[in-house]
Q: 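Dumping the structure here so I can ask a few things about it.
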Amino acid sequence: MLGYLLIILLLAIIIANSLLNLGRMTRITNVILSTDQQALALEKQMVDSFLSLVRNAQKYQVTNDQAFRQLSERSAADFREAIRQLLPKLLSPEETALAARIQNSYRGYSALLEKALDSLDPEYLSPTEREAKDKNAEDVTGALNELAAWRQQRITDETQELRGIGSRAILMVQILVAVSLVAAAVIAFVVTRGINAPLRKITKMTTVVSVGDFGQHIALDSPPELAELARSFNHMSDKLKQLDEMKSGFISHVSHELRTPLASIKEANSLLLEGARGPVPEEQRRFLVIVEQASAKLMTLINNLLDLSKMEAGMMEYSFSLADIRPILAHGLKGIEVLAERKGVTLTSLFPKTLPKAWMDINKMQQVVDNLLSNAVKYTPEGQRIEVIADIYQPTEADGMEKQGGLHLGVSISDTGIGIPPEYQARIFDKFQEIKRKGIPEVKGSGLGLSIARNIILAHGGRIRVKSAPGVGSTFTFVIPVERRREPRESSGEKDA
Ligand code: ADP
């Protein structure tokens with residue numbers, strides 16, 4: 001608002017200045033047109049009338065023709081009328097003095113002329129009187145010329161003043177317009193930046209919240225409208241966090257409540273299978289095996305849900321020690337061997353002979369490897385390949401941990417399977433993510449495996465990412481620091497380290 005007011009103020013100054021100058025120029029032009037030009041015309045007319053008076057008087061004296069006398073009297077009347085009109089248009093004391101001189105000399109001349117004309121005798125006037133008459137006549141014309149010269153000078157001066165005002169006004173407008181343009185550009189820049197910077201902040205935070213990082217706040221005090229938007233955003237973010245916590249709490253509670261009866265079902269079922277209540281006919285055994293498998297699956301799902309709830313609440317306990325990753329990977333590969341063989345999927349692994357031990361929770365790391373390998377075998381069609389590589393690794397910008405020093409361990413699990421569409425790659429590590437693939441039958445899963453894997457890797461101070469192309473395959477890579485770290489992690493799930 002202040003910026004726009006400043007521009008309006010500058011415009012008002014330009015307009016006021018232009019109007020002021022135009023007013024002054026109009027006033028001067030009016031004086032020139034209405035007073036000066038008229039006065040000049042009157043002065044010229046007086047010269048003409050006086051000369052005509054003198055000439056006609058002389059002609060009358062020579063010819064004694066009454067017409068000339070009348071003509072001379074009309075010229076005298078014209079002269080007197082002109083001087084009457086001129087008097088109010090005189091602007092300086094010098095001009096008024098000249099006018100008084102003209103009137104005096106004219107009166108002197110006129111009295112002597114009357115006398116001479118009445119007598120009709122050229123010798124009637126004494127030589128002194130004749131001389132005085134001629135001198136008066138000369139004085140009238142001389143003073144009239146002086147008066148005209150004064151007026152001419154005034155017109156020249158006023159025209160010059162007009163020119164001066166005009167060029168000063170143009171310069172002033174040019175300066176003010178230049179200042180206004182610069183001010184408008186600066187104000188537009190400042191105003192736009194003042195809106196864009198907070199908008200960028202809001203957009204960035206919206207992206208953060210949209211990927212599930214709730215409870216984030218935007219600190220914005222101005223401009224007021226955007227500060228209001230930021231406050232609403234913060235409120236929404238808090239509410240989302242609250243809801244997310246409520247949902248996690250609910251899942252955790254329900255899972256917990258389900259586990260005890262399920263454990264009883266499993267236990268009772270295995271007692272029946274073991275023949276604790278007498279021999280089990282083959283037909284019944286088949287059903288009991290189905291119950292056993294289903295309850296094992298359900299138990300895994302419930303355990304995964306509980307694990308994830310604990311990790312998200314920062315309650316998961318880790319027990320860290322220095323361990324070799326190779327046996328963990330080998331154990332994971334062994335776990336999918338039968339399935340891979342059945343599908344005709346080739347398993348290969350590439351580990352260096354010596355690999356430093358890294359600071360990890362062995363069981364949790366096994367869980368990560370098992371999750372990644374079971375996905376690989378699940379989403380890789382018959383006759384394809386799965387490859388596991390582990391080595392010393394230098395983190396890059398893509399890992400989001402390039403500034404960390406020290407040794408790192410990198411593990412990648414690649415498959416030549418169905419791949420993951422690009423639009424899903426950023427969110428498959430979020431819980432309950434399912435991918436709809438065109439033309440590929442859906443493989444039912446819980447959508448928890450990758451989320452648990454990411455939580456565990458983050459708790460190790462590491463990062464996990466995926467590189468994948470549909471129809472070509474996927475490579476999941478995780479990187480963990482070899483040494484124990486003490487700085488805060490993205491997940492606060494670690495209790496031990
Ligand atoms: P799920 O239990 O559903 O497999 P995950 O969290 O382990 O849950 O995986 C999430 C989704 O990511 C899966 O539904 C699957 O579509 C996709 N995915 C995971 N690993 C692979 C892989 N190796 N190849 C193709 N898609 C995969």
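Computed from a predicted structure; not experimentally measured. Whatever order the structure lists them in is the order used to number ligands and atoms, beginning at 1.
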Q: Which protein heavy atom lies closest to atom 12 (O) of ligand 1, and at what distance to 0.1 Å?
A: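 Of the protein heavy atoms, Ile428 CG2, 3.7 Å lies nearest.
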Q: Is there a donor-acceptor pair closer than 3.5 Å between any side-chain N or O of Asp415 and the backbone N or O of Gly473?
A: no
Q: Before you tell me yes or no, could you show the steps for Glu95 and Ser92 under side-chain hydrogen bond (donor to acceptor under 3.5 Å, both in side chains), namely the whole-Å CA-CA distance, both residues' side-chain angles and the distance that decides it to 0.1 Å?
A: CA-CA 5 Å; Glu95 284 170 299; Ser92 67; 2.9 Å; yes
Q: Please state whether the rings of Trp359 and Phe320 are parallel, tilted or perpendicular, taking 30° and 60° as the class boundaries.
A: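 Rings of Trp359 and Phe320: parallel, as their planes differ by under 30°.
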Q: Quick one: which residue pairs count as a side chain to side chain donor-acceptor pair (under 3.5 Å) with a foot in residues 7-20, not counting sequence neighbours?
A: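 Found Asn17-Asn21.
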Q: For atom 19 (C) of ligand 1, which of the options Ile413, Val466, Asn375, Asp430 provides the nearest non-hydrogen atom?
A: Asn375
Q: Nearest to atom 17 (C) of ligand 1, what protein heavy atom do you find, and at what distance?
A: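 Going by distance alone, atom 17 (C) of ligand 1 is nearest to Ile435 CD1, 3.7 Å.
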Q: Do any N/O atoms on Ile420 end up under 3.5 angstrom from N/O atoms on ligand 1?
A: no
Q: What residue and atom, counting heavy atoms only, is the protein's closest point to atom 11 (C) of ligand 1, and at what distance?
A: Gln433 O, 4.0 Å
Q: Counting only heavy atoms, tell me which of Pro421, Ser474, Ser446 gets closest to atom 2 (O) of ligand 1.
A: Ser446
Q: Is there any N or O on Leu450 that sits under 3.5 Å from an N or O of ligand 1?
A: yes
Q: Could you measure the distance from the CZ atom of Arg385 to the OG1 atom of Thr348? Nearest 0.5 Å is fine.
A: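 If I round to the nearest 0.5 Å, the distance is 7.0 Å.
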Q: Below a 4.0 angstrom heavy-atom separation, can you tell me which part of Lys431, side chain or backbone, both or neither, approaches ligand 1?
A: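 It is neither part, as no heavy atom is under 4.0 Å.
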Q: Does only the side chain of Asp415 get under 4.0 Å from ligand 1, or the backbone, or both, or neither? Count heavy atoms.
A: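 It is the side chain that gets close, since no backbone atom is under 4.0 Å.
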Q: Hydrogens and angles aside, do Asn363 and Gln367 bring a side-chain donor and acceptor to less than 3.5 Å of each other?
A: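 Looking only at side-chain atoms, Gln367 and Asn363 do not form any donor-acceptor pair under 3.5 Å.
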Q: For atom 15 (C) of ligand 1, state which one of Phe432, Phe476, Tyr379 supplies the nearest heavy atom.
A: Tyr379
Q: To check your reading of the model: name the closest protein heavy atom to atom 26 (N) of ligand 1, its residue, and the distance in Å.
A: Arg437 NH2, 2.9 Å
Q: Is there a donor in the side chain of Ser412 and an acceptor in the side chain of Thr477, or the other way round, less than 3.5 Å apart?
A: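 Short answer, no.
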Q: From atom 1 (P) of ligand 1, work out which of Ser468, Gly447, Gly449 has a heavy atom at the shortest distance.
A: Gly447
Q: Looking at Arg454 and Asp430, is there a salt bridge between them, counting it only when a charged N and a carboxylate O are closer than 4.0 Å?
A: yes
Q: Is it true that Leu448 lies under 4.0 Å from ligand 1, counting heavy atoms only?
A: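 Right, Leu448 reaches ligand 1.
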Q: Checking side-chain polar atoms at under 3.5 Å, does His331 have a donor or acceptor matched by the opposite partner on Asp370?
A: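 Per modelled atom types, His331 and Asp370 side chains form no pair under 3.5 Å.
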